[in-house]
Visitor: 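Supplied in structure tokens, the structure appears directly below.
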Amino acid sequence: SNDYRVVVFGAGGVGKSSLVLRFVKGTFRESYIPTIEDTYRQVISCDKSICTLQITDTTGSHQFPAMQRLSITKGHAFILVYSIASKQSLEELKPIFEQICLIKGDIENIPIMLVGNKNDEVNGREVETSDGEATARRWKCAFMETSAKTNHNVKELFQELLNLEKRR
Ligand code: GDP
Ligand code: MG
């Protein structure tokens, strides 16, 4: 079908929901509202036709294992989010990345974007841009720093993910 399913993973509080809401609705809120699991649909044009971009915003790394496996199985592309203000949040992505490898196998053909969010938090930075880039090289995936707060690189993130898909 013309459905393109993107799944957003990452530790609680890194800004997954904020990135999705910024992209889909153009809004940002300062408060933290824990997510169960939400799916957003956007009709977009791709390759001269219309397709539906389906974005699943997950609960974080403590998602039920069965649900996590299901999201990975159904997903076409993945956004792995950490906060540049938390080294721990980057470390928490590793088991999720490994799960994706296990389930999807040939990882080089799966569009994956490693995202360092909250790059507006200049004083609280714990993860250097070069550390994010190095992780992305190891994982053979793309990399970007974003801010859902200032709207830095948010549109570009989803655009780039679609570009990765086309290059497959
Ligand atoms: P989630 O648990 O990963 O979905 O995280 P949320 O989207 O709920 O965001 C957690 C908290 O971080 C909220 O208080 C947001 O306002 C804040 N937040 C999200 N994105 C950013 C960002 O880019 N910069 C800053 N400074 N705060 C952010
Ligand atoms: Mg959330």
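Ligands are counted one by one from 1 in listed order, and the atoms in each one are counted from 1 as well.
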Visitor: For C51, enumerate each residue passing the disulfide bond (SG atoms under 2.5 Å apart) test, keeping only those at least two apart in sequence or located in another chain.
Guide: C46
Visitor: Can you tell me which residues line ligand 1 if we count any heavy atom under 4.0 angstrom from one of its atoms, in chain and number order?
Guide: A11, G12, G13, V14, G15, K16, S17, S18, F28, R29, E30, S31, Y32, N117, K118, D120, E121, S147, A148, K149
Visitor: Sort by chain and number the protein N/O/S atoms that are closer than 2.8 Å to the Mg ion (ligand 2), and list them.
Guide: S17 OG, T35 OG1
Visitor: Checking I112 against W139 for the side chain to side chain contact (heavy atoms under 4.5 Å, CB included) test, could you report, in this order, the C-alpha distance in whole Å, the side-chain angles of both residues, the deciding distance, and whether it holds?
Guide: CA-CA 9 Å; I112 300 178; W139 292 357; over 6 Å; no
Visitor: Charged N to carboxylate O under 4.0 angstrom, E145 versus R125?
Guide: yes
Visitor: Per the side-chain contact (heavy atoms from CB on, under 4.5 Å) rule, which among V115, N119, N151 passes with T146?
Guide: V115
Visitor: Is it true that R137 and E133 have a side-chain N and a carboxylate O under 4.0 angstrom from each other?
Guide: no
Visitor: L21 and side-chain contact (heavy atoms from CB on, under 4.5 Å): which single residue from D57, V154, T27 fits?
Guide: T27
Visitor: Considering only residues two or more places apart or on different chains, which pairs with a residue in residues 22-35 satisfy salt bridge (charged side-chain N to carboxylate O under 4.0 Å, His left out)?
Guide: E30-K149
Visitor: How long is the gap from NZ on K140 to CZ on F97, to the nearest 0.5 Å?
Guide: 8.0 Å
Visitor: Taking atom CD1 of I100 and atom CZ of R69, what is their separation to the nearest 0.5 Å?
Guide: 14.0 Å
